[in-house]
K.L.:
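Attaching a single structure in structure tokens format; questions to follow.
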Amino acid sequence: MVERDGCNSSLKALKVLRVSLVDELEGRIDSLLEILVNREVFTRDDREEVLCHLGPRARVREVLDILQCKGNEAADIFLSISSDHQQEVQIHPKEGNADPPQSVEYKKVQQKHKDVIKRRSESMLFYNTRHGEKILFSEHYVNLLLADGHQGLDMKRHEVLTFGQKRLSLQQKSAVQRKITPAELFLTTNGKHPVKKVLVSGVAGIGKTILVQKMLFDFGGNGDHLGFDFIIHMTFRDLNLIDKPTNFRELVLRKNRHLAKELDNILENDHKLLIILDGFDEFRHYRSCDIDTFVTEPDEDAAAVEVLGSLMQGELLPNASIMLTSRPAAINHIPVGCIDRFVLISGFSLTEVQDFFLRYFQDSATADRMFAVVSANELMLTLCYIPAFCYIVCCILQESKDLCGESPKTMTDIYVQYLVALLRSHTKARAQTFCQGQNEGLSEVVLKLGRLAFLKLMEHQTLFYSSDKDVAELEGCILVSTFLDKTVAQEPGCTEEVYSFAHLTVQEFFAAVYCAVTDHPLPEALQQTTSPGEESSGGHLDLFHRFLSGILAERNANLLSRQVGLSCNKEKVDSYRQRIIKELTMLCESGAPILNHLHCLFEQQDPVLALSVEPKTLQVNVSDETLSQMDYNAIKYFLNLTKGEILELDLTGTGVSCEALRDIQPLLLRCKRLWLGENILGMDAARVIADVLQVSEHLQQLGIGWTDFGDEELLALSGAIRENKKLEELWMEGNRVSYRGLMSLSDLTPYPLKKIVAIWNDLADTDPDSFCTQESITVSFTDDGIWEGWGEWVFKRCEVSSNDKLVTVLHKVCNISVHCLEGQWASNFYKQLLQLIKQRIEICTEDDMLRKLEKFETILSF
């Protein structure tokens with residue numbers, strides 16, 4: 001029986017565990033029904049109502065619906081009965097579970113299907129393949145890094161920008177824990193329940209569809225390592241064309257008519273069937289798949305979203321294996337409670353980037369030379385871990401002769417060169433040689449593509465159908481195929497062309513070009529400056545905003561004008577520069593999140609613009625963002641151009657490492673308040689901080705809470721504090737410091753250290769009264785103004801945090817005893833937290849996360 005931890009009642013348990021109960025009880029629902037009647041939990045009328053439903057799973061659902069009406073006591077009895085009954089089944093298992101031998105016809109159809117799959121998957125459509133060009137999959141497939149495990153379902157930043165951070169965190173784990181092969185996707189591990197439903201996520205262009213093609217290619221080549229008799233492959237691009245009721249049988253036969261004779265046997269043996277649903281984020285109805293009206297039979301007609309939702313949730317073909325692929329942006333709309341394994345595709349390793357270069361250039365000397373160019377450019381190398389972007393870089397290198405000019409410094413630089421490189425390649429002449437008339441035609445096509453990109457980006461769309469009027473306007477335009485990939489989606493009686501840009505970032509770039517060179521106003525989400533503690537469009541437009549800033553920069557504006565014939569509106573350039581100055585000034589003075597604005601400034605590469613930002617106080621808040629090297633570059637670019645003291649630098653929860661601290665050490669020396677909490681820092685990092693403390697003339701407040709510091713690290717800091725005598729406050733809550741370690745600071749109080757906060761350390765065996773003589777040392781909550789400010793700061797972070805981050809913070813701040821709540825500030829703080837938890841519970845759709853939040857709801861409901 002599934003555990004009921006975290007549920008406050010049996011009725012709630014039935015609701016939370018509904019999907020699992022249907023799976024567990026379908027094979028014994030009739031006998032359980034008789035027990036319920038004998039125990040007088042159900043009436044005979046109830047039994048007749050249940051038996052009216054066809055199929056065991058439908059009967060289980062009806063039983064659960066009736067129990068919801070009968071109250072908590074009936075639900076409690078049912079859970080007890082079902083648990084006892086399961087134990088009896090385990091003691092006396094049924095015999096004869098071996099797979100029956102299959103007919104000759106079944107095996108013939110199986111081989112026919114493999115032949116069809118092989119033919120479909122043996123060649124790959126490269127990101128910019130010319131019409132009729134055939135590239136063998138076996139010659140160009142490069143391994144991708146697959147990371148096993150739940151990677152979190154909440155997105156705070158643009159997915160491509162988040163990619164680098166996730167990859168860095170994966171690389172810090174052992175290879176054994178993180179790397180799996182396609183053949184292992186459905187293997188049971190650690191004796192857990194069978195893996196039936198796998199969700200594969202990854203950013204745009206990372207290789208999700210290539211992974212699917214690899215599995216199909218292996219299956220078609222008679223590879224039996226996956227252990228399936230049949231694989232049914234469906235794309236959501238095709239499924240988008242279905243606008244009338246259908247059923248699963250029809251969906252299968254649409255492109256697999258050769259399975260018609262044996263389809264009943266195939267569906268009957270669904271435990272040997274794998275269904276791949278590729279591109280969930282491209283589904284028009286992806287927000288509606290968490291359904292409560294189910295289809296249970298393959299021939300049952302319903303809307304396509306209901307058929308697919310039933311399949312995902314195990315109501316239809318419950319024994320079949322399902323593999324779902326999606327970009328992270330759409331994962332929140334997947335009924336994840338039924339997912340057995342989460343897999344993140346992390347793209348290429350460094351070796352595989354080199355392999356890709358070799359396969360692209362087809363010559364080892366050329367490939368090595370080009371790779372050396374990229375290796376010298378940190379930005380380009382970092383993004384080459386994304387396969388689609390790796391292709392973009394190769395295009396630039398091939399057409400621009402090793403980047404003979406100035407090497408690109410920003411994302412915009414790279415994409416402007418990509419635009420020019422492809423225009424040169426596909427027109428078979430350098431853009432400079434175009435006559436004026438041709439150049440105008442070129443700019444007109446780019447503008448039309450930009451308009452399409454912009455309109456669809458605002459609607460969160462990455463697929464464009466030929467029936468769309470915005471797409472129809474491109475008909476007959478030259479060079480459309482240069483930048484748009486085209487596939488054909490087929491439905492009986494309907495064939496439609498589907499377009500998309502080679503990569504999500506290419507669409508964002510074209511959208512930014514359109515916005516920069518036309519009179520179209522900025523998107524509303526960018527018109528308003530984000531208030532402190534608020535999120536700006538969930539990161540959806542972050543990269544678009546950066547591209548826009550880079551295009552409006554003088555050097556890229558000139559290049560676009562010269563090569564493509566597109567000129568930025570001078571009034572828009574001037575107003576944008578003033579806007580950047582105004583918003584950066586406000587963010588610096590308020591201490592609000594600032595990272596994406598720093599990137600926009602970095603894209604401009606204009607020191608004069610940076611020097612025009614003159615805030616009264618310089619506060620840089622990049623907390624709760626796992627920082628990549630690109631992020632540090634943007635931070636350093638801005639702060640290196642500013643003068644004087646940095647009032648505050650907040651690196652809380654950024655994953656900052658010893659190497660990163662050493663890299664930005666000159667900036668740390670200028671900080672008056674420095675917050676490094678919620679980062680795992682060791683002795684090496686402690687030494688870097690000690691070096692700063694030893695010579696800094698500015699640092700007065702230091703936060704190292706929850707950094708895993710112990711007595712040894714504290715000793716390294718105390719020596720530096722003792723020597724320089726500038727630090728006034730030391731916040732080190734949630735560490736491993738003992739009474740002995742804390743006492744090593746006693747001679748530094750009250751001068752220079754006026755305040756030491758050491759709650760939640762290894763002081764359990766120490767009497768708090770022993771610190772009464774040390775007024776500067778705080779080891780427990782007090783009714784003090786500093787704690788009220790601390791509570792406000794923590795709560796603001798919790799409000800904008802993902803559920804995963806919220807739970808992490810709750811683990812830290814909910815380790816309290818009742819006497820700690822005597823202060824008014826503490827009472828208010830924890831009441832606010834409880835209300836926030838209740839709000840999150842109401843909208844949480846993930847069972848595991850729901851249980852965690854309910855646990856903290858119980859803790860705080862004292």
Side-chain angles (χ1 to χ4, degrees), residues 145 147 156-173 203 205-206 344 346-354 371-387 389-390 392-393 403 406-415 505 539 542-543 545-547 549-550 593-605 610 620-641 649-668 674 676 678-682 684-685 688:
L145 179 63
K156 281 187 63 180
R157 300 180 66 187
H158 187 289
E159 63 180 46
V160 174
L161 306 179
T162 307
F163 163 77
Q165 288 81 290
K166 284 191 174 180
R167 185 177 180 84
L168 289 173
S169 67
L170 289 168
Q171 288 174 336
Q172 293 168 0
K173 302 176 183 178
V203 302
I206 198 68
L344 177 72
S346 296
F348 290 156
S349 66
L350 190 61
T351 302
E352 287 156 353
V353 173
Q354 291 176 285
F371 183 75
V373 173
V374 171
S375 298
N377 187 303
E378 184 179 61
L379 173 63
M380 294 182 78
L381 182 60
T382 300
L383 291 173
C384 273
Y385 290 120
I386 300 176
F389 189 88
C390 199
I392 289 173
V393 169
L403 296 174
E406 185 180 2
S407 181
K409 296 178 181 178
T410 71
M411 288 277 284
T412 312
D413 293 350
I414 293 171
Y415 278 72
T505 55
D542 282 357
L543 202 51
H545 193 184
R546 295 185 196 181
F547 280 139
S549 183
I594 198 174
L595 184 59
N596 204 56
H597 279 74
L598 294 182
H599 275 288
C600 291
L601 183 69
F602 182 76
E603 292 291 329
Q604 287 267 332
Q605 289 291 301
V620 177
N621 176 6
V622 291
S623 62
D624 296 317
E625 302 274 15
T626 306
L627 301 179
S628 68
Q629 188 58 50
M630 287 188 291
D631 296 325
Y632 286 117
N633 290 345
I635 295 168
K636 288 189 296 181
Y637 176 78
F638 172 59
L639 292 180
N640 284 334
L641 288 170
L649 177 58
D650 191 349
L651 295 169
T652 303
T654 57
V656 65
S657 64
C658 172
E659 293 74 18
L661 287 174
R662 191 172 287 115
D663 183 38
I664 61 173
Q665 189 168 337
L667 302 178
L668 302 183
L674 176 61
L676 300 173
E678 299 183 36
N679 299 297
I680 303 302
L681 303 175
D684 289 340
V688 176

K.L.:
Any non-hydrogen side-chain atom of I664 less than 4.5 Å from a side-chain atom of L639?
P.N.:
no

K.L.:
Under a 3.5 Å threshold, yes or no: a donor from one side chain and an acceptor from the other, between E352 and S349?
P.N.:
yes

K.L.:
Working to the nearest 0.5 Å, report the span between OG of S628 and CG of N633.
P.N.:
8.0 Å

K.L.:
Please step through side-chain contact (heavy atoms from CB on, under 4.5 Å) for the pair F547 and E603, ending with a clear verdict.
P.N.:
CA-CA 8 Å; F547 280 139; E603 292 291 329; 5.5 Å; no

K.L.:
Can you tell me how far the OG1 atom of T410 sits from the NE2 atom of H599, to the nearest 0.5 Å?
P.N.:
11.5 Å

K.L.:
What are the two closest heavy atoms between L543 and M411, and how far apart are they?
P.N.:
CD1-CE, 3.8 Å

K.L.:
V622 pairs by side-chain contact (heavy atoms from CB on, under 4.5 Å) with which of V656, D631, D650, I594?
P.N.:
I594

K.L.:
Parallel under 30°, tilted from 30 to 60°, perpendicular over 60°: which one fits the rings of F389 and Y415?
P.N.:
tilted

K.L.:
Compare every heavy atom of N679 with every heavy atom of G655, then report the nearest pair and how far apart it is.
P.N.:
N-OD1, 2.7 Å

K.L.:
Any sub-3.5 Å donor-acceptor pair from N621's side-chain atoms to S623's backbone N or O?
P.N.:
yes

K.L.:
Quick check: closest heavy atoms across I414 and P408, and the distance to 0.1 Å?
P.N.:
CG1-CB, 3.7 Å

K.L.:
Given C384, which of V353, I392, L350 fulfils the side-chain contact (heavy atoms from CB on, under 4.5 Å) condition?
P.N.:
V353

K.L.:
Using side-chain heavy atoms (C-beta onward) and a distance below 4.5 Å, is D663 in contact with K636?
P.N.:
yes

K.L.:
Over all heavy atoms of both residues, which pair between F638 and A610 is shortest? Give the atoms and the distance, please.
P.N.:
CE1-O, 4.4 Å

K.L.:
What are the two closest heavy atoms between C658 and A685, and how far apart are they?
P.N.:
SG-N, 3.8 Å

K.L.:
Could you check L595 against D542 for side-chain contact (heavy atoms from CB on, under 4.5 Å), going step by step and ending with a plain yes or no?
P.N.:
CA-CA 10 Å; L595 184 59; D542 282 357; over 6 Å; no

K.L.:
Roughly how far, to the nearest 0.5 Å, is the CG atom of L661 from the CG atom of D684?
P.N.:
11.0 Å

K.L.:
Identify, with sequence neighbours excluded, every residue that meets side chain to side chain donor-acceptor pair (under 3.5 Å) alongside T654.
P.N.:
none

K.L.:
Could you give the distance from CZ (R546) to CG (N596), rounded to the nearest 0.5 Å?
P.N.:
4.5 Å

K.L.:
Can you confirm whether L627 sits close enough to L651 that some side-chain heavy atom of one is under 4.5 Å from a side-chain heavy atom of the other?
P.N.:
yes

K.L.:
Roughly how far, to the nearest 0.5 Å, is CG of L667 from CG of L674?
P.N.:
10.5 Å

K.L.:
Going by atom types only, do E678 and T652 share a side-chain donor-acceptor pair under 3.5 Å?
P.N.:
no

K.L.:
Nearest 0.5 Å, please: how far is CG in L641 from CG in L601?
P.N.:
8.0 Å

